[in-house]
Structures are given as C-alpha cells and as structure tokens.
Number of protein chains: 2
Amino acid sequence: MPTLRIALAQVNSTVGDIAGNATSVRRWCRSAAEAGAQIVAFPEMMLTGYPIEDLVFRDSFVAASQQAIRQLAADLATDGLGDLAVVLGYVDADGPAPTSSAALPGCGRRNASALLFDGEIKATYYKHHLPNYGVFDEDRYFEQGRSLTVVRFGGVDIGLTVCEDLWQAGGPFTAACRAGVGLVVHINASPYELNKDDIRLPLVKRRAAEAGATVAYVNLIGGQDELVFDGDSMIVTSGGELLARAGQFTEELLVHDLDLPVAGKSANEPGPAPEPPARSSEAIDGEIRADEDMEIVRVAADAEPRPTTGGRADGGIAHRITDEEEIWSALTLGLRDYVEKNGFRSVVFGLSGGIDSAVVAAIAVDALGRERVTAVSMPSGYSSAHSRDDAADLAKRTGLDYRVEPIQAMVDAFLANLSLSGLAVENLQARVRGVILMALSNQEGHLVLTTGNKSELAVGYSTLYGDSVGGFNPLKDVPKTLVWKLARWRNADAARRGAEPPIPENSIVKPPSAELRPGQVDTDSLPDYEVLDAILTGYIDNDLGRNDLVAAGHDPALVDRVLRMVDVAEYKRRQSAPGTKISIKAFGRDRRLPITNRFREGT
Amino acid sequence: MPTLRIALAQVNSTVGDIAGNATSVRRWCRSAAEAGAQIVAFPEMMLTGYPIEDLVFRDSFVAASQQAIRQLAADLATDGLGDLAVVLGYVDADGPAPTSSAALPGCGRRNASALLFDGEIKATYYKHHLPNYGVFDEDRYFEQGRSLTVVRFGGVDIGLTVCEDLWQAGGPFTAACRAGVGLVVHINASPYELNKDDIRLPLVKRRAAEAGATVAYVNLIGGQDELVFDGDSMIVTSGGELLARAGQFTEELLVHDLDLPVAGKSANEPGPAPEPPARSSEAIDGEIRADEDMEIVRVAADAEPRPTTGGRADGGIAHRITDEEEIWSALTLGLRDYVEKNGFRSVVFGLSGGIDSAVVAAIAVDALGRERVTAVSMPSGYSSAHSRDDAADLAKRTGLDYRVEPIQAMVDAFLANLSLSGLAVENLQARVRGVILMALSNQEGHLVLTTGNKSELAVGYSTLYGDSVGGFNPLKDVPKTLVWKLARWRNADAARRGAEPPIPENSIVKPPSAELRPGQVDTDSLPDYEVLDAILTGYIDNDLGRNDLVAAGHDPALVDRVLRMVDVAEYKRRQSAPGTKISIKAFGRDRRLPITNRFREGT
C-alpha cells in the first residue's frame with residue numbers, strides 16, 4: 001500500500017494578479033517540499049483568482065492564464081521542485097480562443113485543474129458541474145468538461161475534480177469509482193456562508209463513499225468583493241473517516257500522510273453513502289442534473305515522487321469556532337482583503353455612537369489595525385449628548401483616529417438657499433455627512449465605509465447618497481439583531497482574553513435612532529427588529545410569500561407593510577456598496593430583482 | 001388551403017403587474033376580434049412582464065401567474081371571445097412548485113407559451129433554448145422544454161415557440177418541419193440594440209426555411225429598467241417572403257390574412273436556408289448547443305375559429321427608420337416607461353449648458369412633455385457665462401421648468417469647515433449639486449436623472465454621489481460621440497418638421513468641460529472623444545485586449561492609460577443608476593466585472 005504525503009495549500013489569491021498568484025504558488029510549493037510533501041494541491045482558479053466573471057471573455061486574459069501555467073511548471077522545475085506534483089486551478093480554453101464573447105458565450109472556456117510535474121503540465125481536468133445560481137454564473141462562462149482525468153503518480157491513481165463537482169450527485173465522483181482511483185484531489189473556491197462548514201464535511205463523506213476513495217478537499221481563503229472564502233480544507237476516507245482538517249479564514253498548509261491503494265484496480269467498491277446534508281445556497285445533489293457516464297482519461301506522471309522526509313505527517317483536526325467568531329472572522333477578512341487588494345491604506349466612516357457604526361469600527365480596527373482607521377463624529381442639532389459620548393468612548397477604547405465635524409453650518413447653508421421641510425431636511429443632514437466623508441476620502445485617500453445593516457438595506461431605511469455613501473459595507477449582509485449579537489460576542493471575547501471590550505455598553509443597549517429629528521427612534525418607522533428580521537429572513541433569504549409569512553404567525557398588516565418597503569427600496573440597493581456575504585442570500589449578485597416591479601404580495 | 005386571419009399584438013406590459021397585463025390582453029383581444037382576427041399572439045411573458053428575474057423563485061409569484069392565465073381564459077370567454085385563439089407568454093411550473101430556490105435553482109419553472117381557446121388553456125409550450133449570456137440569465141431561472149407543441153386550429157397545424165428558440169439552430173424549428181406544421185407562432189421579448197432589427201429579418205427567414213412553414217414573430221415593446229423592447233413584429237413565409245412588418249417602439253396590432261397548408265402532412269420540405277446574419281449580443285445559431293430531436297406533442301383546439309369579417313387583411317410593411325431615430329425612440333421610450341411604471345410624475349436634473357444635459361433635456365421633454373420636466377442650473381464661480389446662457393436658451397426652446405440655484409454659498413460652508421484642495425474641491429462642487437437635486441426630489445417628488453454618457457462612465461470621468469446622483473440615466477449606454485450625433489439629428493429633424501430645434505447650437509459645438517476649475521476642458525484629462533470612443537468600443541463592446549487595440553492602430557501609451565482608467569472605475573459603475581441599453585454591451589447586467597481586479601492588459 002503506497003504512502004503519499006499530501007499538502008493542501010489553503011491560501012489566498014487575488015483576481016487578475018496572475019503573476020502574484022504564481023509567485024505565491026512557488027513560495028507555498030517550497031514550504032510543502034520542506035515539509036516533505038510529494039503532492040501539493042491549491043484551490044480552484046488559484047492562478048487567476050476567483051471569480052473572474054467577464055474577464056473570461058477577454059482572449060488576452062485567457063491567454064495570460066494559459067501562458068502563466070506553462071511558465072509556472074517550468075519555474076517550479078527551475079526551483080528544484082520538478083519532482084513535486086502540483087495541482088492547481090486556472091482558466092483554460094480548448095482550440096483557438098473565440099474572438100468574441102457575444103458570438104460564442106462561454107464557448108471553449110474551461111474552469112480547469114492541472115497537475116504539474118517535471119516542468120510540464122502532465123494532466124488537465126475540466127470542471128464538469130457548473131453552478132449557475134446564487135452568486136454563480138458559470139453556465140455563462142465555461143463549457144462543461146465531459147471526462148474524468150486520472151493521473152498515475154507514486155503508484156496511486158488520482159482523480160482530479162473541481163468545486164461544484166462535489167455538490168452534485170453523479171458525474172466525476174461516480175466515474176472515479178468506476179476508474180478505481182485511490183485518491184480524489186478536489187480543488188475549491190467555495191464562498192463562506194453561515195453553517196456551510198457544517199454541510200461540507202457530510203458532503204465530502206458522501207462523495208468519498210460514492211467514489212470509494214479518499215477525498216482531499218482544498219479551499220481558497222480570502223475576500224473578493226462580496227465573497228469571502230473560508231478554507232476549511234479536509235481529508236476524508238471512503239469509509240467516512242476525517243483524517244485532517246484545517247481552520248477557517250487563515251492561510252495554512254495541511255500536510256498529511258495517506259496510505260492509499262495501489263493503482264490498477266478496475267473499479268472501487270462504493271461505500272454506504274451518508275444522507276445528504278441540509279441545504280445551503282449551493283445546491284446539493286443531483287435533484288438538478290441527471291447522472292451521466294463520463295469518459296475516463298488516464299495519464300501517468302511518468303516518474304517517481306520525491307522522497308519524503310522526517311516521520312509520519314499528521315495534519316490534525318483544527319478546533320471548530322462558534323458562529324459569532326466565524327462571522328466576525330468573515331467580516332474582518334472580507335474588509336481587509338477589499339482594502340488591501342484594491343490598494344487602499346486606510347478607511348474612514350461616520351461614527352454616530354449607535355450600534356452599527358460602533359461594530360463597523362471594531363471590525364475595521366480588528367481588520368486593519370487602529371492606525372489605519374479614521375472615524376468622524378458629525379453631530380447636528382438633533383444629535384444627543386450620549387451619542388457624542390458613546391462615539392468618543394469607542395474611540396478611546398479602540399485607539400482609532402477620531403475627529404469631530406459638526407454639520408450644522410453646512411446644513412444651514414442649504415436651508416438658507418432651498419425651501420425644504422420634513423423628510424427633505426432629514427435626508428439633507430445625512431447627505432451633508434456623506435459629502436464630508438467623501439471630501440476626506442478625496443483629500444486623504446481613505447476608503448469610505450458605509451455602515452448600514454441588512455435590515456436597513458432591506459426596508460430602505462437609509463438616505464441614498466447620505467449614510468449610504470461608501471466603497472464598502474462590512475454589515476451589508478448582517479441583520480440588525482445579529483449586529484447586536486456580534487457586538488456582545490466581541491466584547492465578551494475581549495473580556496475573556498483580558499482585553500478592553502471595544503464597544504461601549506451604551507451603544508448596545510440604547511434604543512436605535514437615526515437622530516435626524518428631535519426624539520426620533522427607529523421604532524417610529526419600523527417594528528421591533530426581532531419581528532422585522534424574522535419577516536425579512538422569510539421574505540428575502542427563503543423567498544416566502546405573504547401568505548407563508550402570515551401562516552408563520554406574523555401580523556398580516558405588518559407583513560404587508562414590510563414587504564412593500566422591501567419591494568420599493570430595490571432602487572437604493574442597486575446603487576449600494578458591496579459588502580461581505582455571510583447569509584444564504586445576500587443583496588448583490590446573489591439576489592437579482594427588477595427595480596420596475598409592480599408585483600405586490602397578497603394583493 | 002385554409003385562410004387564417006392572424007393579429008400580432010405588439011404591446012407593452014409591466015413586470016409584476018399581472019392583473020394590469022391581463023386587462024391589457026383582454027382589451028387588445030377585443031380590438032383583434034373587431035378586426036376580424038381568428039388568432040391573436042402576444043409577446044413572451046406578456047402576463048408577468050419580462051424579465052422577471054428572481055421573482056421566479058417566489059412560489060407566490062408563479063402561482064399568481066398560473067392562476068391568472070386560467071382566469072384570463074375564462075374571462076375571454078365571458079367577453080364573448082372564447083372562439084378567438086389567443087397565444088401569450090407567462091411563467092408556469094410543472095408539478096408542485098419547489099419550496100426553495102436555493103435547493104432547486106430554476107427547477108420546474110417554465111418560460112411558457114399558452115394557446116387559450118373556448119375558455120380554457122388548450123395547449124402549452126415550454127421554451128427550449130434558454131439564453132444565459134449578455135443580459136440574460138435564463139439557465140438560472142427556467143427548466144428547458146423538451147417537446148414541441150403543435151395545435152390543430154382552423155384546419156392548420158400551428159407550432160408554438162418562444163424567443164431564443166429562433167436564435168439557435170435546431171430544436172423546435174427542426175421539429176416543426178418534421179411535424180409538418182403550417183404556421184409557427186413565435187412570441188418574443190427581444191430587447192432592442194442598435195442594428196438588431198437588421199438581423200431579425202434574415203434570422204426569421206432562416207428559421208422559416210428550416211421549418212418549411214410561415215413564421216409569425218411578435219415582439220414586446222416598452223422599457224423595463226435597463227432594457228427597451230422595440231417590437232418589429234413580422235410575418236415571413238417558408239420561401240422567405242416578408243408578408244407584413246410592424247414599426248418599432250409603438251404599440252400596434254398587425255393583422256394579416258394567411259393562406260396556409262391544410263393540416264395532416266407528415267413532414268415539411270425545408271427551404272434553402274439563407275446565410276446566418278451578422279452577430280448581435282444575442283447569440284446566433286447552434287455553434288453553441290447541439291441539435292436534438294424534440295418530441296412532438298399534438299393537441300386540437302377542438303372547434304372552429306370565429307368567422308372573419310370584411311375583405312382581405314394586409315398588415316403592410318412599416319417603413320424603416322434611421323439609426324438615430326431608432327436610438328432616440330429607444331431612449332425616450334426607455335425613460336418614459338421607467339418614470340411611469342415606477343409611479344413618478346416628473347423628473348429633475350442639472351442643466352449645465354453642456355451637451356449631455358442638453359440632450360437629456362430634449363429626451364425628457366420628448367418622453368414626458370415639458371410640463372413634467374424640471375431643469376436646474378447650478379452655477380459656481382467657475383461656470384462660464386456661455387454655460388448659463390446656453391442652459392437658459394435650451395429652457396426657452398423646450399419650455400421646460402427652469403430654475404437657477406447658485407452653489408457657491410453651500411460650497412463655501414464646506415470649505416470653511418474642512419481643509420480641502422485640488423480634486424477634493426472639484427468633487428465638492430459636484431456633490432453640492434447632487435445634494436440640491438436630491439433635496440428637490442425629496443421635497444417635490446421628482447425622479448432625478450443623471451446625465452453622464454457611456455464614455456464618461458467607462459473612464460470614471462464623473463463624481464460619485466455628485467453628477468452621478470439619480471435614479472435613471474438616459475445616456476448611460478450612449479458614447480459621447482453619439483451624444484453629439486443624436487443632438488444634430490434631433491435638431492435637424494425638428495427643422496425638417498418646421499419645429500424649433502431644442503438644443504442650442506453652442507452646446508453642440510463648444511469644447512466639453514466639467515467647469516470645476518478655471519479654464520478646465522475635458523481634453524485636459526481625456527483624449528479626443530473620437531479616439532477615446534474607438535478604444536472604448538474595442539475594449540468594452542468587443543472584449544479586445546491591449547495588443548488588439550494597438551494592432552488596430554491606437555497609440556500604445558494612450559491605450560494603456562485608457563484601459564487602466566476603465567479598470568479602476570468599476571467601483572463607480574457598480575453604484576451607477578440604470579439606463580437604457582442600446583449597444584451590444586451595456587454597463588449593468590450585461591457586463592459583469594469584478595471590482596477587485598489586478599489584471600492589467602499588456603503588463
């Protein structure tokens with residue numbers, strides 16, 4: 001029974017930075033070799049970043065990817081790593097690249113996994129199942145692979161698969177069973193959402209049983225616009241044993257020795273498949289696409305793997321973190337990568353003393369360090385003393401750069417020149433604040449953060465071009481009730497570590513208010529957030545209709561009012577900043593609704 | 001040889017307004033009956049509007065559509081029109097509707113065409129080819145139909161097909177040939193883009209030849225967010241003869257008598273297929289999807305059509321309009337429908353005296369009438385006298401509501417409180433104007449129009465939350481050079497009609513300037529627009545890379561500079577207002593690029 005030392009390189013990559021990503025692969029390959037690994041696997045589309053969206057239509061981009069993977073194979077040999085098998089994802093095209101995306105949408109473009117060895121691309125596999133739901137548009141971009149690639153390496157037959165292949169029944173894992181592979185190297189760019197990690201393990205077990213082979217699952221980490229990838233790489237045997245598992249949200253090289261069946265069997269014995277796990281926004285199992293018999297293409301790496309070193313490697317099983325820590329990690333990593341990958345040095349935002357901006361402040365300081373965070377208190381005549389105190393208190397606790405810019409003089413200049421009343425005056429204050437933040441951004445180079453939560457964004461409880469200004473919104477997919485929960489968790493976590501809780505207790509416990517008119521509180525316009533969030537989760541995350549929500553016990557008149565607010569706020573969301581997806585359905589690419597839409601539930 | 005009088009109802013519908021759309025169908029059916037029609041065809045998704053996007057995931061929406069089509073069949077019988085065959089599109093689902101879009105993306109949802117007769121749904125066809133490129137996401141939404149429905153009615157076998165079925169070779173038109181149909185009733189929601197009408201006729205001829213049957217093509221008109229549908233309905237024989245053709249951008253009932261082969265043939269003789277036409281953003285012909293043998297399902301309407309009245313009906317062939325008139329019609333209809341379908345009474349925008357806002361003013365007055373249009377001149381210390389004069393001149397020519405709101409006092413209030421210089425001061429002026437327009441919108445209920453053209457949007461030559469504020473942008477997909485061309489055309493057209501040319505000659509001929517600092521002109525920052533637009537068309541519309549553009553004769557350093565500007569402005573476009581698509585690739589749903597993207601062409 002051959003033993004193979006595998007390294008799963010759970011690493012970050014950046015969309016479009018092909019040269020930088022290739023450099024990262026070479027660096028991690030050196031680490032893998034130093035750890036005695038004989039094969040190392042990187043995530044889906046490691047070389048190009050993921051998702052590349054319409055970049056795939058540009059011939060120059062696809063050609064750069066194809067050129068870079070050949071160069072990488074050669075460079076690894078030059079690095080003395082030609083005897084290390086390297087599996088990684090990139091975008092490929094078969095035949096001459098089409099000259100126009102419009103004439104040939106997605107035609108010939110492939111979401112590919114390559115095995116590099118001995119200075120060459122020894123094998124290539126094209127992703128079979130293409131996700132085209134939620135945030136994914138892969139039917140738009142790629143042509144489906146129709147064959148399973150099996151590479152003989154170190155006496156083991158290894159099948160190559162990519163991401164969605166795991167989420168659908170049949171196809172490559174069934175083919176892997178027929179092919180009698182000893183190992184499936186499964187590369188992923190699977191975005192984080194709450195509870196998805198609880199689904200991945202049973203799903204990997206299910207496919208490992210189906211294939212009758214050990215599955216090595218490696219996932220990307222890092223932020224890309226509205227997505228954040230959480231890692232959670234793992235190795236599972238055909239019998240369902242979890243051999244090793246990496247942590248979430250950190251770069252990590254998971255190195256493990258695998259005793260694998262010798263190559264040459266005609267077929268595997270599939271194990272008893274565990275039940276499919278609960279749903280996430282990635283579709284599960286082949287209710288969707290029919291199973292099919294894929295062709296099996298066999299290639300040989302044609303040489304021995306490098307010898308391993310040291311004793312037996314055990315990757316270990318990382319401890320699982322709580323939901324709150326998971327979300328906090330997602331939000332900090334999502335923000336940090338947006339800032340750094342887009343070349344910003346620092347961020348700025350309005351600090352009102354309320355809970356949303358307080359939590360954004362804590363996230364920003366955790367993500368970037370206090371010296372890169374500027375918060376601006378912009379009090380008006382309607383701002384309460386406690387708001388200013390709470391903002392100042394937070395600034396003291398976190399040590400961020402804190403400034404005060406009263407807005408009344410600027411508001412008055414508008415009021416003196418325009419005849420405004422009511423809502424127009426409320427919105428004016430928010431817009432003056434927006435102008436101040438954008439001016440500071442222009443003058444000092446900060447990225448502006450906007451601090452609206454998912455509940456506000458859902459019902460349109462914000463001022464367009466006012467408090468909604470900003471290039472990124474850390475709370476975009478965080479409902480108000482969860483904002484409070486995260487605040488409490490972050491403070492408690494600090495207390496546990498003997499550190500200063502960053503968020504003033506008063507910001508957590510006081511009734512939320514926009515403070516745009518005297519004595520205003522959110523509950524003037526909105527139901528209690530516990531009630532509101534329950535309705536919103538049903539309507540947005542689960543596509544429930546009015547009658548379903550009423551049947552679930554909600555007040556019919558309230559349901560009608562909330563649904564109407566959500567429907568008519570679509571135009572605001574269409575112009576909103578991106579923010580990290582953490583739920584099963586986030587505003588953005590994930591949820592695509594018309595602005596012009598007269599459908600009213602229950603009427 | 002039976003004669004059938006067909007009416008093609010080229011009409012408007014509104015997304016989500018199922019009741020209103022059904023009422024419209026009944027009204028047009030009465031008109032069709034009055035014209036002696038025996039069969040009337042409405043566009044794709046007439047009942048629900050198109051595109052409905054993620055509304056399809058809501059069971060309540062799909063159920064409302066299913067309920068409404070049954071009710072419509074009954075209501076038509078009540079109206080005394082049970083003996084009129086009515087073909088129209090709606091969203092259907094087979095089997096119990098799935099309870100979650102995430103678990104079953106698009107599963108069981110159908111883009112359907114129904115034939116109503118005698119108070120019932122006599123036949124249903126499910127769209128076979130689902131477009132999933134450009135603005136279309138139909139693989140996300142619908143399950144593919146696998147059979148062709150053939151209805152025997154008035155002694156003729158009629159095949160039902162939907163939109164994209166025409167754009168792909170094989171599938172239902174081939175099946176229609178095998179089935180020996182006499183007529184294909186082909187319903188569409190095919191969005192306008194420049195030159196697409198020149199492609200449709202040869203394409204309809206090609207499919208008519210393939211089917212060996214007459215094809216009656218009916219298309220939607222009207223605006224829906226970023227799309228506008230132009231009609232251009234037509235009837236073409238298997239031999240390629242154009243029998244009748246409607247105009248573009250207007251509601252119209254095209255009534256024509258067709259002499260059709262008697263039902264019962266086993267197969268048709270396909271004609272010699274003309275060459276496929278040039279490309280548009282809709283993919284053409286089956287380079288993409290393989291042909292397949294579809295099952296043929298035959299039903300009979302089971303009764304005689306109502307008798308016709310009067311002499312022989314000839315729908316005639318509408319005269320073709322120029323490109324400029326076509327685009328102007330698209331922009332006015334797109335704006336009017338956005339305003340009306342979203343319940344606005346009026347629009348407001350900044351009128352600078354420059355060409356962009358002048359053209360927006362002319363479009364708005366043409367779309368809505370001058371009494372619904374407010375334009376605001378917002379001069380600063382840097383605004384030239386000619387700018388103010390040109391704005392006032394336009395106001396006089398068009399008769400719109402014109403106001404002057406100088407911005408300096410408000411700008412000064414910010415400058416007194418913040419330390420700003422350079423670009424921050426320039427952007428501040430634009431943002432003060434944005435605040436004024438939004439205040440007027442809040443106070444008076446206008447929809448704010450933003451006036452940036454496609455060239456500006458491409459290179460980011462605008463101020464986020466400044467001149468970019470607004471709910472709709474009529475020029476979003478109009479490059480600067482085309483803005484000038486449209487202005488000249490509109491003035492010349494007015495002169496031809498003996499009317500007042502709306503746009504001051506000076507706005508057309510003067511060098512464009514943002515007037516945010518003394519003596520500023522666009523060419524300080526940008527190349528001549530003729531050069532810029534040529535590069536942008538290559539890069540954006542045609543996905544050319546840097547080397548392709550250099551090979552086409554553009555200056556390499558300039559190409560690098562322009563491409564870099566386009567790449568880094570993605571974050572601004574992501575927050576931009578919707579606007580009518582007129583090109584092969586518009587910003588919006590049509591072009592999906594990551595914000596975080598380090599790919600730099602040619603480096």
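What you see below is based on every heavy atom in this structure, not just the backbone, and it leaves out hydrogens, waters and symmetry mates. Throughout, protein chains are lettered first and strands after them, A, B, ... in sequence-line order, and every chain is numbered starting at 1. As the structure is a prediction and not an experimental result, all values here were calculated from the model.
Of the listed residues B/Ile436, B/Asp412, B/Leu428, the one with more heavy-atom pairs under 4.5 angstrom with chain A than any other is B/Ile436. Contact count against chain A (heavy-atom pairs under 4.5 Å) is highest for B/Asp137 among B/Asp137, B/Thr48, B/Ile18. Interface check for chain B: of the options A/Ser60, A/Gly422, A/Gly16, A/Ser441, the most heavy-atom pairs under 4.5 Å are formed by A/Gly16.
If you measure heavy-atom distances from B/Ala577 to chain A, the contacts under 4.5 Å come from both the backbone and the side chain. Looking at B/Ile407, there are no atoms closer than 4.5 Å to chain A (heavy atoms on both sides), in backbone or side chain.
Side-chain contact check for A/Asn442 and B/Asn427: at least one donor-acceptor pair (N or O, by modelled atom type) lies under 3.5 Å.
Residue A/Arg592 holds its CZ atom at 6.0 Å from OH of B/Tyr141, rounded to the nearest 0.5 Å. Expressed to the nearest 0.5 Å, how far OG1 of A/Thr596 lies from NZ of B/Lys341 amounts to 7.5 Å. Rounding to the nearest 0.5 Å gives a distance of 5.0 Å between CG of A/Leu418 and CD of B/Glu405. The CD atom of B/Glu226 sits 7.0 Å away from the CZ atom of A/Arg574 when rounded to the nearest 0.5 Å. Rounding to the nearest 0.5 Å places CZ of A/Arg546 at 13.5 Å from CZ of B/Arg58.
Contacts of B/Val404 classified as side-chain contact (heavy atoms from CB on, under 4.5 Å), with partners at least two apart in sequence or in another chain: B/Ser377, B/Pro379, B/Tyr402, B/Pro406. Residues passing the side-chain contact (heavy atoms from CB on, under 4.5 Å) test with B/Gln443 are A/Leu420, A/Ser421, A/Ala424, sequence neighbours excluded.
Within the 3.5 Å criterion, the main-chain N or O of B/Ile595 finds a donor-acceptor partner in the side chain of A/Asp225. Side-chain atoms of B/Tyr465 come within 3.5 Å of backbone atoms of A/Gly470 as a donor-acceptor pair (strictly under, hydrogens ignored). For A/Arg431 (side chain) and B/Val432 (main-chain N/O), no donor-acceptor pair under 3.5 Å exists by modelled atom type. No side-chain donor-acceptor contact under 3.5 Å links A/Asp54 to the backbone of B/Leu593.
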